[in-house]
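Single-structure report; data block below.
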Amino acid sequence: MELRAVKGMNDILPEEIGRWHRLETTFRRVVELYGYREVRTPIVEPTQLFVRSIGEATDVVEKEMYSFRRHDDDLTLRPEGTAGAARAYLEHKVHAREPVSRWYYLGPMFRGERPARGRYRQFYQAGAELYGEAGPLCDAEMIDMLARFLQQLGLHQVEVLINSLGGPTTRQRYRQALVDFFTPRADQLSDDSRRRLEKNPLRILDSKAASDQALCAEAPSILDVLDDDDQAHFDGLRRYLDVPKTPYRVDPRLVRGLDYYTRTLFELRGTGGELGAQNALGGGGRYDHMIRELGGPDTPCIGFALGLERLLLAMEPEPIAQAGWVYVAPLGEAAQREALRLATELREAGIEARVDGRGQKLNRMLPRASSSGARFCVILGDGELERGIVALKDLATHTQEEPARDRLLPRLRELLGEDAR
Ligand code: HAM
């Protein structure tokens, strides 16, 4: 049997990891400037956590969870990060220690969706959650933080969509409006949506089926049934978004696939790059009732998550940077020992060095050095050892010089410094 990675789960090889690191570093830098600190929670959580927070009648819980039983516990690989973070926030009684908490996370999530370009069964998210603030100011600030992060990545073709889902009374009213609208048109709905009409009519607005989408375009708008407090929150959000001039579009049909949202909802859609149909780069919203429903005190929350694979698809491929590392090529045993010393010295000075330990002739080593991607090759043979020098080859310019052994480090620093300029 041929062993392969699980369908929809990808390897990230060392040659690709540079882009991931740059993306993750930029994310950390941006969100930390806004006061967010990293949290790491387990990848496996009790299944009930997701059922209760994400909602029973969602695609994620109904069809996509990787659930299993072990040691009498029902467990699930996390399909997203919000529920686990909320559980940790509650379990460690963070609310009793600090009035406002700002957390972020990076890591793999698991959903058994049909794999496609930009849609995988294991994928990576970068997300953030803010606990303890109820007003629209922090909603606007979070959306602005996201827009700035995407700008820093060089992603300019991104649309910010916002909507409000209201609170429980608005939602109840809207639910009824949707039932009234869809019931006489039920025969035009897909099977899934007809089922949802009874269980969770809001989810119909999420449907990808073309016939459903045509109907949804005519369905009532939630923005017409917001109660006064929800309306004030939404108006506030729009006013605050105008301060940093974050461009956005109101989309009253935006509902997103998870049931925990209240009031502010947003999504970032890419319009360029190689994204194709999976163009939701990230999204989030307010979920003011989750902590209470999980057994904690009333705690307003808002958060988002971004799909890292999708961000990478939307970003320009980067030119491969000229690596500044040194290939050390020793000829003979004495030279090999000296090579180990020399490589250690270079590394201690912060210069990457790799020793060729295959100990063959120079005419075999040089081609290996050239094709290795190194910038410099240091050749050490008996002759060099005797004279107290090394042969230093610049593999980019094809020039060679023979600095004294103890001048090698300053000379390399000079050459690498010139490169950096
Ligand atoms: P979500 O919209 O389900 O929200 O996922 C956020 C992002 O994760 C999506 O916009 C997409 O970029 C990426 N994503 C989702 N599923 C896949 C997949 N199968 N393959 C590749 N990428 C995917 C959440 O997860 C919420 N927890 C966001 C949040 C945080 N809301 C409040 N706080």
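Start at 1 and go down the list; that is how both ligands and their atoms are numbered. All values derive from a computational prediction rather than experimental measurement.
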Counting both backbone and side chain atoms, is some N or O of Phe304 under 3.5 Å from an N or O of ligand 1?
-> yes

Arg375 NZ/CZ over Trp325 ring centroid, <6.0 Å and within 45° of normal = no

Nearest neighbour in protein (non-hydrogen) for atom 21 (C) of ligand 1 | Gly118 O, 3.3 Å

Do any N/O atoms on Tyr105 end up under 3.5 angstrom from N/O atoms on ligand 1?
-> no

Glu113 heavy atom under 4.0 Å from ligand 1 = yes

Atom 30 (C) of ligand 1 has as its nearest protein heavy atom Thr82 OG1, 2.9 Å

With a distance cut-off below 6.0 Å to the six-membered ring centre and an angular limit of 45° from the axis, does Arg185 pair with Phe181 as a cation-pi contact?
-> yes

Polar atom proximity, Leu281 to ligand 1 (N or O, under 3.5 Å) = yes

protein heavy-atom neighbour closest to atom 27 (N) of ligand 1 works out as Glu80 OE1, 2.6 Å

Hey, is ligand 1 close enough to Ala305 that some N/O pair sits below 3.5 Å?
-> no

Closest non-hydrogen protein atom to atom 12 (O) of ligand 1, residue and atom name please, with distance?
-> Ala280 O, 2.8 Å

Identity and separation of the nearest protein heavy atom to atom 20 (N) of ligand 1 = Tyr120 N, 2.9 Å

Run the ring pair (Phe, Tyr, Trp, His ring centres under 6.0 Å) check on Phe149 and Phe27 step by step: do they pass?
-> CA-CA 7 Å; Phe149 167 64; Phe27 180 76; 5.4 Å; yes

Write out the residue and atom name of the closest protein heavy atom to atom 14 (N) of ligand 1, then the distance separating them to 0.1 Å.
-> Phe123 CE1, 3.5 Å

Under 3.5 Å between some N or O of ligand 1 and some N or O of Arg119?
-> no

Side chain, backbone, both or neither: which part of Met109 comes within less than 4.0 Å of ligand 1 when only heavy atoms are counted?
-> neither

Given that the side chain starts at C-beta and the backbone is N, CA, C, O, which of these parts of Tyr287 lies under 4.0 Å from ligand 1, counting heavy atoms, or is it both or neither?
-> side chain

Side chain, backbone, both or neither: Tyr260 near ligand 1, heavy atoms under 4.0 Å | side chain

For atom 2 (O) of ligand 1, the closest protein heavy atom turns out to be Arg256 NH2, 2.8 Å

With heavy atoms under 4.0 Å as the rule, classify the contact between Glu129 and ligand 1 as side chain, backbone, both or neither.
-> side chain

Distance-only, no hydrogens or angles: does the Thr58 side chain make a donor-acceptor pair with backbone N or O of Gly55 under 3.5 Å?
-> yes

min-distance protein heavy atom vs atom 31 (N) of ligand 1 -> Tyr261 OH, 2.7 Å

Looking at Tyr131 versus Tyr89, is the centre-to-centre ring distance below 6.0 Å?
-> yes

